[in-house]
Amino acid sequence: MSDSAHLEPSAKKRNIDPIAPTNHPWNLPATVDLVHRCDCPEDSVLLIPREANLRIGAEAKRVVARVSQAVVAVASIDVYGDQLWRASGFIVEFDECSMTGTIFSCATVAQKIHMFPDIEKIKVYLFDGASYEATIKACDNHWNLLVLSVSFDRSVKTMNMVEISENRTAADVHLGGFMLQPHSACESLCSGDTIIGLDRQSEEPFGLQANCGVYSYERWSDLPRFCHEMQKATFINTYAAVGGPAINKNGEVIGMLFHDLDCTPFVPSNIILKWWEHFKKTGTYCRPTMRVFGANLHNARSASWLKLPTSLYKGFDGFLVELTSRAVKSAGLQQKDLIVECNGEPVATSLQLFEILLIILEKWWRLLL
């Protein structure tokens, strides 16, 4: 089938076509002062990259056009009929018999805050402005994941999700993934690979926005309380993009977008798919906590205490421990330890360690049931 068969109606294309170069969101200045870091002059200013968002080429345009109809806008409607919180989402399942679709988005859109009006309903908007009331099937603030069910009056497009394997280069075959979910493939993601973030406006003209960047294996945050399973893309988006899909060059979803000032973090499909499968089986949210803060050895930043044999950097990898909880310390894991195996499975990245712990948790749940 030709690419033209997948394109959206020409009457709406000018409103949803994301080809135009993206300017820096909000026209931010070149630097932003970080007052809370005034004690460290070298870290007290955040540089805003001017070329963070790359040009979208002809091939990328075709890929975006092919999947764009599955990208939706999501908004919570308050008791006064106004949009309260806005986000994006994407359709992952559609049952033609019941005309029911399943949408992944972010839990933020369903949050209830004391000083704001109550949320009366959540609406989903398609590319042509058609809106539908959604039912919440799952909402987990821990992962900021929201699953919505919508009864459509037409057939809708869906997006395919693939799990990722974090690699430094294409030669890193030893960084393979673990136990793929049904109907999922594994994407070998290397530093510099193209990633496109998609989001949709929740008001006229319900336009689709695309931001293009590359995958970076640098750690998203140095804060121990921030989940380090999050991956990082170099482009910059807006708050309305949160919950939208991060796609690869084939148009497959590799994660869900979040927001930051100088990059775009995204939660990988591995976590979303396993979380969703666990919820469908048990009705509970899967939240394995490693209680360990560290970095993948292949992208660990140099630290004054890092004194490891040079041989560990040659054809070998692991998860380098920087901080541990009291419970983990009591089990014998200490700072500077290098985790290379867990439960008999090799460990090269934090995401692999998370997946192994998830598998252990699944087995424990089966024993309880």
Side-chain angles (χ1 to χ4, degrees), residues 7-28 53 56 61 64-65 67-92 101-113 115-136 139 144-154 156-159 196-212 235-247 256-260 264:
L7 296 178
E8 301 188 359
S10 57
K12 291 293 295 183
K13 187 174 181 181
R14 68 177 186 278
N15 292 332
I16 63 171
D17 196 346
I19 308 314
T22 304
N23 293 325
H24 195 286
W26 320 300
N27 193 26
L28 288 175
N53 296 4
I56 298 179
K61 292 178 182 181
V64 171
V67 302
S68 61
Q69 290 188 20
V71 181
V72 301
V74 182
S76 52
I77 309 301
D78 63 24
V79 293
Y80 305 108
D82 299 321
Q83 291 186 1
L84 185 59
W85 310 116
R86 300 174 181 177
S88 295
F90 51 100
I91 307 171
V92 293
T102 300
I103 296 170
F104 286 162
S105 186
C106 67
T108 306
V109 78
Q111 66 182 333
K112 297 181 180 180
I113 300 179
M115 297 299 293
F116 290 85
D118 291 336
I119 295 174
E120 186 174 76
K121 56 188 174 183
I122 294 178
K123 298 187 74 173
V124 168
Y125 303 85
L126 298 183
F127 68 94
D128 58 359
S131 63
Y132 301 85
E133 190 168 333
T135 301
I136 296 177
C139 182
N144 199 14
L145 295 175
L146 176 70
V147 182
L148 300 172
S149 177
V150 176
S151 294
F152 292 103
D153 57 3
R154 64 174 109 166
V156 294
K157 302 288 186 181
T158 61
M159 301 190 78
I196 301 174
L198 302 177
D199 64 269
R200 189 173 294 285
Q201 299 173 353
S202 58
E203 57 188 5
E204 288 287 351
F206 303 100
L208 181 78
Q209 180 66 61
N211 296 298
C212 184
F235 61 81
I236 299 175
N237 59 20
T238 63
Y239 285 113
V242 175
I247 64 173
M256 179 185 291
L257 301 174
F258 283 73
H259 174 77
D260 206 345
T264 294

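- When all heavy atoms are compared, the tightest approach of I103 to V124 is CD1-CG1, 3.7 Å.
- In this structure, T238 and Q209 have side chains that are not in contact, with every pair of non-hydrogen atoms separated by 4.5 Å or more.
- Put simply, the side chain of F104 reaches to within 4.5 Å of the side chain of V147, judged on heavy atoms.
- One N or O on the side chain of S88 and one on the backbone of A240 form a donor-acceptor pair closer than 3.5 Å.
- Counting only distance, with no hydrogens or angles, the side chain of E133 and the backbone of K121 share no donor-acceptor pair below 3.5 Å.
- Taking SG of C212 as the start and CG of L198 as the end, the distance is 10.0 Å to the nearest 0.5 Å.
- Here E120 contributes atom CD and D82 contributes atom CG; the two are 11.0 Å apart, rounded to the nearest 0.5 Å.
- One finds the CD1 atom of I136 at 11.5 Å from the OG atom of S149 (value rounded to the nearest 0.5 Å).
- Counting only heavy atoms from C-beta outward, the side chains of Q69 and D128 never approach each other to under 4.5 Å.
- Listed for the S76 side chain is no donor-acceptor partner under 3.5 Å among the backbone atoms of A110.
- Two residues are said to be in side-chain contact when any heavy atoms from C-beta on lie closer than 4.5 Å; V74 and L148 meet this criterion.
- Between E203 and R86, some side-chain heavy-atom pair lies under the 4.5 Å cut-off.
- Side-chain atoms of Y132 and V156, non-hydrogen and from C-beta on, never get closer than 4.5 Å to each other.
- The structure places CD1 of I196 at 11.5 Å from CG of L257, a figure rounded to the nearest 0.5 Å.
- Checking side-chain atoms of R200 against main-chain N and O of F206 turns up a donor-acceptor pair under 3.5 Å.
- The CD1 atom of I122 sits 7.5 Å away from the SG atom of C139 when rounded to the nearest 0.5 Å.
- Of the possible polar contacts, one joining the H259 side chain to the N237 backbone as a donor-acceptor pair under 3.5 Å is found.
- You'll find the side chain of Q201 stays beyond 4.5 Å of the side chain of Y125, heavy atoms only.
- Remark: Q111 pairs with W85, T108, I113 by the side-chain contact (heavy atoms from CB on, under 4.5 Å) rule, at least two apart or across chains.
- Looking only at distances, no side-chain donor or acceptor of D199 sits under 3.5 Å from a matching main-chain atom of A73.
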